[in-house]
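Numbers here are sequence positions counted from 1. Side chains are part of it too, since the values below use all heavy atoms of this structure and drop only hydrogens, waters and symmetry mates. Given the structure is predicted, the values throughout are model-derived calculations rather than measurements.
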Amino acid sequence: MADLEKKAKEAFIDDHFELAVDLYTQAIALNPTNPDLLADRAQANIKLNSLTEAVADASKAIELDPSMAKAHLRKGIACMKLEEYQTAKAALEAGASLATEESRFANLIKECDERIAEETGETKNQAVEASVNTLSLKEEPEDISCQAPMVTPSKSKYRHEFYQKPEEVVVTIFAKGIPADSVTVDFGEQILSVRINVPGEDAYYFQTRLFGKIILDKCKFNVLSTKVEIRLTKAEPGLHWASLEYKKETAVVKRITVSSEIAHRPTYPSSKPKRVDWDKIEAEVKKEKEEKLDGDAALNKFFREIYQDADEDTRRAMQKSFVESNGTVLSTNWKEVGTKTVEGSPPDGMEMRKWEY
């Protein structure tokens, strides 16, 4: 391992950063708990602009040795390049407390403060503009290859998906029977990092730069029997995330302006026939058809809407009560049905219906 580390450092000095990363990776495979190797690979990843990988390496090094100042420094630098100045500042301040003689920490912290002040000013201006009648238009993405780097295994062990509410994004990793102490989740200002390390199995890593920024103190995760559920609180409530991962596309806000000449133009009676809004008529007809649903169709539609908008406990209650009662009881109260067998029988003449959810 010492030979690999020596060759990796030589490659880095010679500006062969890809080779350095490869050699450090081989050395880490032999000694995965060596924080120096992880911190040095983070530095090489920064040179390659593999910034999320650099944050992951530096964070792991800090986890193994919280007193390693260079790991805090490299995490701070990588986060600054990702424009995550709050996270960068926190890492740099931790490093500065460990290496008081190192001037770079103070300079970088000052730069973070300036960037944070700029961002705060921009956010206020955007909020003022949003109060006016606006229309949000998205530009076409330049290229899917512009997507920010994401650290995932070459063949993912676990499937993941996400859904969102106005205030939060919920990420689900479907990992069954995972011990809670084998799951590590790190939150950055705009980074999510998940590591599942079960003894005797290959480690699972998932890290991505998120579509939007999050509030670190309000984010949390829970390890359940069939999955890991991660709740990310949006820094900008109401912002719709087009995807979980950050993409290099921008939302352009254009103000709709109406010229005063048109706005104040007088109107006069006219014998011309009124313009028919066929789109509106079509929408009303469609709505009317939907409202005319009856019988099983209406009932199934109603149940599907409840199930779709329900939380995890409500869904479990609906499934359990419906199955155990042979389709005669549908409860949304998990506390009521979770600890007992649901029994039920239809009234005389009641037809059994199958609800598809």
Side-chain angles (χ1 to χ4, degrees), residues 1-79 81-82 87-88 90-92 94-99 102 104-105 149-158 173 175 178-188 191-209 221 223 228:
M1 186 201 71
D3 187 47
L4 285 170
E5 184 178 4
K6 180 181 177 182
K7 289 180 178 178
K9 289 182 177 180
E10 290 174 353
F12 183 87
I13 293 171
D14 292 336
D15 292 343
H16 298 150
F17 304 122
E18 290 184 1
L19 176 59
V21 168
D22 183 54
L23 291 168
Y24 278 126
T25 300
Q26 294 178 47
I28 291 169
L30 298 174
N31 189 1
T33 58
N34 187 323
D36 283 297
L37 293 175
L38 288 158
D40 290 342
R41 188 172 68 175
Q43 186 180 28
N45 273 320
I46 290 172
K47 292 292 186 180
L48 290 173
N49 208 35
S50 299
L51 302 175
T52 53
E53 290 90 337
V55 173
D57 282 343
S59 298
K60 179 63 176 176
I62 293 169
E63 181 183 328
L64 294 169
D65 184 3
S67 64
M68 182 177 286
K70 70 177 182 181
H72 291 282
L73 176 65
R74 287 161 191 174
K75 180 177 180 179
I77 291 172
C79 286
K81 288 179 176 290
L82 286 168
T87 306
L92 293 168
S97 67
L98 299 169
E102 177 58 72
R104 282 186 295 175
F105 285 110
M150 180 170 63
V151 180
T152 53
S154 56
K155 185 177 181 181
S156 181
K157 290 175 63 176
Y158 307 118
I173 298 176
I178 298 299
D181 58 2
S182 67
V183 179
T184 303
V185 180
D186 294 319
F187 302 107
I191 289 179
L192 172 64
S193 178
V194 182
R195 182 168 61 256
I196 301 177
N197 194 6
V198 179
E201 299 182 10
D202 293 336
Y204 166 86
Y205 295 97
F206 173 77
Q207 180 166 313
T208 184
R209 186 178 182 188
F221 73 97
V223 181
V228 179

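Heavy atoms of other residues, nucleotides or ligands lying less than 6.0 angstrom from CD of E10 number more than 12.
By the side-chain contact (heavy atoms from CB on, under 4.5 Å) test, D36 pairs with N34, M68, K70, sequence neighbours left out.
Counting all heavy atoms, side chain and backbone alike, A56 lies closest to Q207 at CB-OE1, 3.0 Å. Heavy atoms only, all atoms of each residue included: I178 and V223 are closest at O-CG1, 3.5 Å. Pairing each heavy atom of P35 with each of A61, the nearest pair is O-CB, 3.5 Å. Summarising the geometry of L38 relative to D57, their closest heavy-atom pair is O-CB, 3.4 Å, with the distance given to 0.1 Å. Looking at every heavy atom in both residues, A91 comes nearest to G76 through CB-N, 4.0 Å. For P66 against L98, the heavy-atom pair with the smallest separation is O-CD1, 3.4 Å.
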| task | Take Q26 and L30 through the side-chain contact (heavy atoms from CB on, under 4.5 Å) test and state the conclusion after the steps. | result | CA-CA 7 Å; Q26 294 178 47; L30 298 174; over 6 Å; no
| task | Test N49 against L51 for side-chain contact (heavy atoms from CB on, under 4.5 Å), laying out the working first. | result | CA-CA 5 Å; N49 208 35; L51 302 175; 3.6 Å; yes
| request: Might you work through the side-chain contact (heavy atoms from CB on, under 4.5 Å) test for T208 and T52, ending with a clear yes or no? | output: CA-CA 7 Å; T208 184; T52 53; over 6 Å; no
| task | Apply side-chain contact (heavy atoms from CB on, under 4.5 Å) to F187 and L192, showing your working. | result | CA-CA 5 Å; F187 302 107; L192 172 64; 3.9 Å; yes
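We find the CG-NZ distance between D14 and K9 to be 14.5 Å, quoted to the nearest 0.5 Å. Taken to the nearest 0.5 Å, the OH atom of Y205 stands 6.0 Å off from the CG atom of N197. With rounding to the nearest 0.5 Å, the separation of OG1 in T33 from CG in D65 is 11.5 Å. With values rounded to the nearest 0.5 angstrom, L4 atom CG is found 11.5 Å from N31 atom CG. Of the inter-residue distances, the one linking E102 atom CD with L92 atom CG reads 11.0 Å to the nearest 0.5 angstrom. Distance check, rounded to the nearest 0.5 Å: CD of Q43 to CZ of F17 gives 8.5 Å.
Taking 4.5 Å as the limit, some side-chain heavy atom of E63 sits within range of a side-chain heavy atom of R195. Counting heavy atoms from C-beta outward, D40 and R74 have side chains that approach closer than 4.5 Å. The shortest distance between side-chain heavy atoms of T87 and I191 does not fall below 4.5 Å.
Below 30°, between 30° and 60°, or above 60°: for Y204 and Y158 the angle between ring planes is above 60°, a perpendicular geometry.
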